[in-house]
Amino acid sequence: MAKIKPSKGAPYARILGVGGYRPTRVVPNEVILETIDSSDEWIRSRSGIETRHWASPEETVAAMSVEASGKAIADAGIEAAQIGAVVVSTVSHFSQTPAIATEIADRLGTDKAAAFDISAGCAGFGYGLTLAKGMVVEGSAEYVLVIGVERLSDLTDLEDRATAFLFGDGAGAVVVGPAKEPAIGPTVWGSEGDKSQTIKQTVSWDRFRSGDVSGLPVAADGTIKFPAITQEGQAVFRWAVFEMAKVAQQALDAAGITADDLDVFIPHQANVRIIDSMVKTLKLPEHVTVARDIRTTGNTSAASIPLAMERLLATGEAKSGDTALVIGFGAGLVYAATVVTLP
Ligand SMILES: CC(C)(COP(=O)(O)OP(=O)(O)OC[C@H]1O[C@@H](n2cnc3c(N)ncnc32)[C@H](O)[C@@H]1OP(=O)(O)O)[C@@H](O)C(=O)NCCC(=O)NCCS
């Protein structure tokens with residue numbers, strides 16, 4: 001048997017830079033109320049959302065990703081040509097193939113970086129970060145770009161009062177690269193496929209192949225509705241509140257720290273009441289800065305954690321070198337939590 005040379009990577013990995021892109025159009029709750037029977041007060045008090053951003057036709061998944069990534073690359077102080085891999089987490093890129101990551105890698109000016117998409121819903125950023133850390137430490141890439149990007153407005157049924165107010169659009173990106181000290185802790189992640197139907201697409205794409213439109217959802221104006229995200233809100237809410245606090249605690253334990261050692265908590269931005277409940281269960285001390293970016297961003301799935309991270313750093317609420325607990329969870333159901341040092 002031939003002897004194969006082992007690959008050689010960095011001793012550790014860390015997030016070196018972060019960037020975000022929020023679409024220009026800001027959509028207040030009043031716009032949502034044009035299509036559902038609800039109130040600004042209900043939406044604010046039940047979800048925490050005041051406004052969200054919706055992308056224009058020009059603000060495509062690729063365009064938003066390129067903007068966010070450019071900022072992350074500049075923040076990391078590297079050149080695009082140094083990036084060895086581009087990982088894009090999204091559920092709202094509408095071409096089955098090719099992956100959008102290859103176009104983004106090319107538009108950024110990488111030197112033929114490896115590029116692929118992953119589908120891990122609202123845990124997508126944590127999944128991508130875990131892959132990136134592995135690549136840097138294993139040595140298949142020195143720098144990895146991880147992008148979470150969504151145009152969830154394309155997958156929102158504006159006549160569904162259970163979801164119309166929840167989702168937003170945007171892109172967040174980080175550059176992961178070599179480090180001398182551990183700066184991304186062990187990931188606690190998993191899936192609960194027995195609950196796969198609690199968050200799902202209303203209609204599978206292949207339903208449109210047959211030409212038989214019977215039973216497909218119809219809009220108020222009589223047209224067939226585009227598939228949208230639907231969820232069992234209460235079931236997901238309970239799962240997030242009870243199970244995800246445990247996963248967050250496991251990530252702290254795996255990193256060998258306690259809540260007292262934390263500076264920042266960046267949970268997936270799904271509902272401000274879920275965030276508040278996790279803060280309570282984890283007994284996070286007063287000094288911990290908690291991301292509540294959902295108020296003005298809504299739920300942007302895979303983009304929510306890097307967008308919230310970027311904003312906390314930009315506003316000075318968090319600073320470089322802070323210790324942050326990040327946790328994403330959603331469709332699958334899937335989850336991923338880890339402790340990171342902020343770039
Ligand atoms: C969607 C969500 C905000 C709804 O909040 P909720 O408190 O669970 O609301 P419920 O569905 O229990 O409905 C409560 C009441 O409000 C009503 N209601 C539902 N949607 C409403 C709306 N948009 N406006 C006004 N009332 C509404 C319901 O009809 C119900 O009325 P009733 O008590 O008379 O029957 C919440 O369930 C949630 O955030 N779920 C988890 C979302 C999540 O984490 N998703 C992860 C995806 S990544």
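We count ligands from 1, going down the list as the structure has it; atoms in each ligand are counted the same way.
Of the inter-residue distances, the one linking I104 atom CD1 with L145 atom CG reads 8.5 Å to the nearest 0.5 angstrom.
A donor atom on one side chain and an acceptor atom on the other are not found under 3.5 Å apart for Q269 and T300.
In this view, R311 and D293 satisfy the salt bridge (charged side-chain N to carboxylate O under 4.0 Å, His left out) rule, not counting sequence neighbours.
One finds a salt bridge joining E159 and K225 here, because a Lys/Arg side-chain nitrogen approaches an Asp/Glu carboxylate oxygen to under 4.0 Å. The existence of a salt bridge linking R107 and E103 is confirmed by a sub-4.0 Å separation between a basic side-chain nitrogen and an acidic carboxylate oxygen.
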For ligand 1, output the ligand-protein N/O contacts shorter than 3.5 angstrom; if there are none, return none.
residue	atom	partner	partner atom	Å
ligand 1	7 (O)	R46	NE	3.2
ligand 1	7 (O)	R46	NH2	2.7
ligand 1	7 (O)	R273	NH2	3.1
ligand 1	12 (O)	Q234	NE2	2.4
ligand 1	23 (N)	S38	OG	3.4
ligand 1	23 (N)	R161	O	2.8
ligand 1	24 (N)	S38	OG	2.5
ligand 1	26 (N)	W42	NE1	3.3
ligand 1	26 (N)	R161	NH2	3.2
ligand 1	29 (O)	R161	NH1	3.3
ligand 1	37 (O)	G233	O	3.2
ligand 1	39 (O)	N271	ND2	2.6
ligand 1	40 (N)	G233	O	3.0
ligand 1	45 (N)	Q231	OE1	3.0

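Classified by interplanar angle (parallel below 30°, tilted 30° to 60°, perpendicular above 60°), the ring pair Y335/W239 is tilted.
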